[in-house]
Amino acid sequence: FLPKPGMDESSSLLRNVQAGSPYGEPTLAKPLFFSIVAGIGALLFGFTLGYTSPISTTLEDAKDDGGLGLTTGENSLFGSLVNVGAMIGALSGGFVTDYLGRRGSLQLASVPFAVGYVLIATAQGSLQLLFGRVFTGIGVGIASLTVPVYIAEISPAALRGGLGSINQLAITIGILVCYAIGMGVKWRVLAWIGAIMSGAMLAGTFLLPRTPRWLMAKDKRDEARKALGRLRGKDADIDYELSDIEMAIRESAREAGSASFRDLFSGATRKAMFVSVMLMVFQQFSGVNAVVFFSQSVRSVHIADVSVLFAHYVSFRQIFEDAGVTNAQVSALSFSAVQMVVTFISCLIVDKSGRRVLLMLAGVGMAGSAAVLGYYFFMKDDNPVSGTVAILSAMLYITFFSLGLGAIPWLMMSEIFPARTRGMASSTATLLNWSFSFIVTETFQSMKSALAEEGVFWFYGSVCLLGSLFVLVYTPETKGRTLEEIEAYFSGKGSMSDGPAPGGTLLKAVALAVMLYVGLTIFITSL
């Protein structure tokens with residue numbers, strides 16, 4: 001499988017298409033273990049997102065009653081500051097991952113997590129509490145960038161989808177753990193648990209090898225060889241894989257030198273950035289984050305006037321109450337449990353089904369669920385639809401999101417950028433993701449006033465449909481490809497002509513038919 005004399009080196013990167021993997025059967029145990037350890041960062045990511053849910057109302061209690069006497073505005077600000085911190089973390093994360101490496105970046109991310117949770121746990125006033133929340137957000141921003149990149153760079157191509165989805169699975173587990181523990185402990189104790197988890201994250205990183213691709217980019221070939229041997233096992237023949245990594249990095253450096261911000265908008269990086277950013281747009285503007293944040297806050301409806309995230313949750317709380325479920329903790333845990341289970345299923349099937357199929361299925365399924373939810377709110381005053389039907393639709397909404405749009409945009413972000421710009425490009429995509437999240441949460445109340453609840457859901461459904469069409473037309477299938485093959489494809493030096501996704505023409509025809517059906521459903525129910 002080595003390139004023949006006179007053959008363009010980059011063509012050897014695509015030999016798997018014709019001849020199968022030259023690296024032998026991939027071993028699962030070590031990459032799985034290291035992915036799980038790295039996933040502690042994603043676990044803290046989810047824990048931090050879920051932290052405000054079980055404790056937000058108690059923070060408004062008087063100090064004598066165990067709270068801090070926060071105003072409603074301060075309480076709302078405490079929840080939303082994680083977005084600000086995450087944007088700061090994402091902005092700095094690209095430099096950190098390139099300078100310190102992926103493992104070093106994970107180690108650094110544990111510091112703002114720990115500092116933030118200690119500040120929150122010991123807070124005696126609102127200012128310290130808010131600063132603590134910003135610090136935990138910085139940890140989230142760095143971790144949300146670094147964890148998927150680290151896992152992608154250590155994983156065999158045939159297993160990268162499932163291992164990469166551990167990132168999203170860990171996030172959902174973190175949210176569920178926070179909800180469950182938060183039901184039984186006070187907010188300070190919950191913060192101390194977050195600080196302990198931060199320490200566990202730091203300790204775990206010392207078990208991780210550095211990624212061979214980062215080491216090779218730093219001209220540390222011997223160390224890269226040792227790291228790859230540790231990842232693949234002592235009996236693995238790593239020469240071919242190491243050669244592919246070295247050739248790709250050498251060629252990229254020869255063509256463009258060291259990476260700069262300008263490179264994000266040229267060549268292979270520009271094409272990959274367009275795909276990654278659009279997937280992030282569809283992920284955030286699907287509206288799902290409004291279901292997660294503040295999903296347990298039920299003290300009084302007047303909080304909805306201040307927190308747009310809680311305002312969205314009021315819609316879902318109404319659905320549960322109409323179906324006879326009045327306990328907010330039950331509804332929050334239900335959403336979180338469904339998200340975790342389906343994300344686990346996605347981990348198991350993503351390397352068999354491919355990324356594109358799951359993304360299109362998720363978009364179509366979410367659009368259909370959003371259409372039904374919009375119809376539920378449209379008819380609630382005149383001829384109410386059963387609350388049970390609405391609950392099932394809401395659960396399906398979360399199910400389809402978790403199947404595709406939850407994990408795969410992060411997975412593909414870690415796969416499609418060239419090695420030379422991967423840190424900077426992933427940082428930019430992550431920053432934009434958190435910026436989109438902030439925009440969605442800050443504009444929800446205005447959208448609700450302008451479009452009513454049913455209009456908001458129909459808008460989200462339309463975005464999901466557009467996302468499916470984008471995947472159908474523009475998004476390549478990365479299943480089973482090495483990172484070097486993917487880089488060659490975006491550089492225009494290779495193709496994925498054996499089919500971007502399973503099913504070919506028939507799949508496209510079926511997907512378009514389903515999209516047309518759902519689109520007509522949304523249009524008819526809006527009349």
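We use all heavy atoms of the structure for the numbers below, so side chains are in, but hydrogens, waters and symmetry mates are not.
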request  = Begin from the C-alpha positions of Lys218 and Glu223 and carry the test salt bridge (charged side-chain N to carboxylate O under 4.0 Å, His left out) through to its verdict.
outcome  = CA-CA 10 Å; Lys218 297 299 181 182; Glu223 291 183 47; over 6 Å; no
message = Within the supplied structure, the quantity of interest is the number of heavy atoms (other residues, nucleotides, ligands) at a distance under 6.0 Å from Tyr99 OH; does it exceed 12?
response = no
inquiry  = Parallel, tilted or perpendicular, judged at 30° and 60°: which one describes the rings of Phe47 and Tyr51?
reply    = tilted
key: Side chain proximity check, Pro148 to Leu411, heavy atoms < 4.5 angstrom   = no
Working for side chain to side chain contact (heavy atoms under 4.5 Å, CB included), residues Ile249 and Arg420 = CA-CA 7 Å; Ile249 291 175; Arg420 189 176 61 89; over 6 Å; no
task = Determine, stepwise, if the pair Glu241 / Arg232 fulfils salt bridge (charged side-chain N to carboxylate O under 4.0 Å, His left out).
result = CA-CA 10 Å; Glu241 185 172 2; Arg232 301 295 180 257; 2.9 Å; yes
query = Between Gln128 and Leu119, is there a donor-acceptor pair closer than 3.5 Å when you use the side chain of the first and the backbone of the second?
reply = yes
request  = Using a strict cut-off of less than 4.0 Å between a Lys/Arg side-chain nitrogen and an Asp/Glu carboxylate oxygen, indicate whether Arg225 and Asp239 qualify as a salt bridge.
outcome  = yes
query = So is Arg133 actually on top of Phe78's ring, under 6.0 Å and inside 45° of the axis?
reply = yes
Residues, nucleotides or ligands: over 12 heavy atoms within 6.0 Å of Phe135 CZ = no
query = With distance as the sole criterion, is a donor-acceptor pair present between the side chains of Thr97 and Ser105 under 3.5 Å?
reply = no
remark   = OG (Ser353) and NZ (Lys479) are apart, to the nearest 0.5 Å, by 7.5 Å
ask   = Side chains of Glu60 and Thr71: do they bring a donor and an acceptor to under 3.5 Å?
value = no
key: Result of checking Ile416, Leu145, Leu431, Thr146 against Ser426 for side chain to side chain contact (heavy atoms under 4.5 Å, CB included)   = Leu145
request  = Calculate, to the nearest 0.5 Å, the distance between atoms OG and CD1 belonging to Ser402 and Ile171 respectively.
outcome  = 11.0 Å
Presence of salt bridge, Arg213 and Glu484, under 4.0 angstrom = yes
Interatomic distance, Thr428 atom OG1 to Phe265 atom CZ [nearest 0.5 angstrom] = 6.5 Å
query = Could you give the distance from CD1 (Ile151) to CG (Leu163), rounded to the nearest 0.5 Å?
reply = 7.5 Å
task = Taking the side chain as every heavy atom from C-beta outward, state whether Leu405 and Phe400 have any pair of such atoms under 4.5 Å apart.
result = no
message = Once rounded to the nearest 0.5 Å, what's the spacing between atom CG of Leu432 and atom CZ of Phe436?
response = 4.5 Å
request  = May I ask you to say whether Glu415 pairs ionically with Arg355, meaning some side-chain N is under 4.0 Å from a carboxylate O?
outcome  = yes
Point-to-point distance, once rounded to the nearest 0.5 Å, from CD1 of Ile175 to CG of Leu49 = 5.5 Å
ask   = Is it true that the side chains of Trp434 and Ser144 contain a donor and an acceptor less than 3.5 Å apart?
value = yes
request  = Report yes or no: do Thr421 and Thr269 form a side-chain donor-acceptor pair below 3.5 Å?
outcome  = yes
